[in-house]
Number of protein chains: 2
Amino acid sequence: MTSAFVRGVGRYATLDAADIAVIESQLEPQVRRYDAGHDIIRQGDKPLHPYLILDGWAYCYKTLPNRRRQIVSFLLPGDVSDLNIGSLRRMDHSIASLTAVTVLELTHPLTSGTHPGIAKALSVRTLASAAIQREWMVNLGQRSAPERIGHILCELFHRLRAVGLTSGNQCFLPLTQTDLAETTGLSLVHVNKRLRDLRSADLLILRGKILTLPNLRALEAASLFNPDYLNLVDVADIVAA
Amino acid sequence: MTSAFVRGVGRYATLDAADIAVIESQLEPQVRRYDAGHDIIRQGDKPLHPYLILDGWAYCYKTLPNRRRQIVSFLLPGDVSDLNIGSLRRMDHSIASLTAVTVLELTHPLTSGTHPGIAKALSVRTLASAAIQREWMVNLGQRSAPERIGHILCELFHRLRAVGLTSGNQCFLPLTQTDLAETTGLSLVHVNKRLRDLRSADLLILRGKILTLPNLRALEAASLFNPDYLNLVDVADIVAA
DNA sequence: CGATTTCTTGATTATTTTCAACGGAGGTGG
DNA sequence: CCACCTCCGTTGAAAATAATCAAGAAATCG
């Protein structure tokens, strides 16, 4: 259970033995599980505390009065939701589970200055999320439909690989085309058609919920994808070198 | 000089006399001025420290290899750029001045845990930026062209009003139509035409660099704008109540 | 197995971009 | 002071891109 924390968060700062002991001793009571497809917290609710994803996929979204939705981020194992969220009066967005998820509720002792190593690691992780959000704005504002779709798939693949959740050129991808549409700001029908183009250009295979990227470099090039913004320490790249 | 700090940041947390003394004693050496239209730090550079805007407008942007640009945020007086930015290897975005700006460089003593009141106020401010970024994603992904343009103008007006930079229904707006295009992810030509529509619907007047909103409520409604996400403590609303 | 969700496709319509051109404002140097 | 230049705003027309509408096929789930 600790492993997702260390994999996802410990990577960005040195956690000493005392830090890890704190995490382990405080883990048990604050771990929660949610089934797939449930809201964990809703837009308008009073915020409680940040969450660290231990296992499964979650996502953040905002709803407009006209019922349209925009997915604003994905939370993968090791990811953290907004750290100081407790300071706000109301949630400006909802967080929901995409698959069954296990989360760690980050109650005060873990995020406060009492354990500087942990707090530092968490805040660097938050900074990484901010960089991802900026890149998503570029995606939504400046890239064409096929580029947007390819870009988000490249991003997810890189992020999953960094936490050991890929195998070869494959990963689990629990997204429907509707989810992809709400992520990329495109209509469902358009996502379907551009996905077909990418498939027939042999840039991806999407069957069941398994995504295969037969030629990651080519998809990256076609999507104007550059992984620098992710600030990942990529295990696969280290091993390959 | 302290006033912009207290107006923009002190609003979100209680700063005690000692905090304010620290800020004032450390202000002088770290204040810098930039002329309009200059990069303060560039994508790819090694990050130095966060900035607090004391006066003037700055903005953050990302450039794609194909020369297209996306503006990802505006920094108004009292706003802070990413706090822990020093932890990253390279800037994922550039920061530039739109007008002449005065900034406070937030060197370590101000952001560290040594002055918890200041650190808290700054981190709440960062959280507010994250909420704004999420709303921008909704803007880019889910709103139509006229809604996008109206929405960003409403946002800027509210943010300026919250720091006392509006007078009546007017404010200074140093943006060209090209800037608006790079913010909203639209082409320059299209921004020009939708702006004309908004003008002829009497929802805005834009002459020189003065923006007038004769009917803010109507523009908000037309743009699906709801100010909750800004988490502002709005002086004008308090006075009006 | 039936019911529901998800995926797929074609046709039509709407929105947005691109291309091309011109006018005005403001600054610079002769 | 005027000629010139550049940046900014404006407009019309054509082309490209994406949304909407409608309907049927495939997959998934109790």
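Because only heavy atoms are used, hydrogens play no part in the values below, and waters and symmetry mates are left out as well, while side chains stay in. Sequence lines set the chain letters: A, B, ... in the order given, protein chains first and strands last, and positions in each chain run from 1.
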- Query: Of all residues at least two apart in sequence or in a different chain, which pass the side chain to side chain donor-acceptor pair (under 3.5 Å) check with B/R148?
  - Reply: none
- Please work out which residues in residues 193-201 of chain A have a non-hydrogen atom less than 4.0 Å from an atom of DNA chain D and list them by number. none
- Give the first and the last nucleotide of DNA chain D, reading 5' to 3', that has any atom under 4.0 Å from a heavy atom of chain A. D/dA18 to D/dC21
- Query: Base, sugar-phosphate, or nothing: which does B/T176 touch, judged by heavy atoms less than 4.0 Å apart?
  - Reply: sugar-phosphate
- Return the residues of residues 138-156 of chain B meeting this criterion: a heavy atom under 4.0 Å from some atom of DNA chain D. Order them by number, or give none. none
- Message: Tell me which residues in residues 206-213 of chain A lie within less than 4.0 Å of DNA chain D, going by non-hydrogen atoms.
- Response: none
- Message: Below 30° counts as parallel, above 60° as perpendicular, anything between as tilted: where do the rings of B/F74 and B/W57 land?
- Response: perpendicular
- Query: Cut-off 3.5 Å, side chains only: do B/Y61 and B/Q43 have a donor facing an acceptor?
  - Reply: no
- Query: For residues A/H93 and A/Q70, is any side-chain donor paired with an opposing acceptor at under 3.5 Å?
  - Reply: no
- Query: Going by an N to O cut-off under 4.0 Å, is there a salt bridge joining A/D45 and A/R42?
  - Reply: no
- Message: What is the first contacted nucleotide of DNA chain C and what is the last, in 5' to 3' order, if contact means an atom lying under 4.0 angstrom from a heavy atom of chain A?
- Response: C/dT6 to C/dA11
- Message: Whether the side chain of B/T183 engages the backbone of B/I71 through a donor-acceptor N/O pair (distance < 3.5 Å, no angle test) should be reported.
- Response: no
- Task: Could you walk me through whether A/V103 and A/Y34 pass side chain to side chain contact (heavy atoms under 4.5 Å, CB included), step by step?
- Result: CA-CA 8 Å; A/V103 304; A/Y34 294 89; 3.8 Å; yes
- Message: Within the 3.5 Å criterion, strictly below it, is a donor on A/T212 or A/Q170 matched to an acceptor on the partner's side chain?
- Response: yes
- Message: Students often get this wrong, so: under 4.0 angstrom with heavy atoms, is B/L188 touching a base, only sugar-phosphate, or nothing?
- Response: nothing
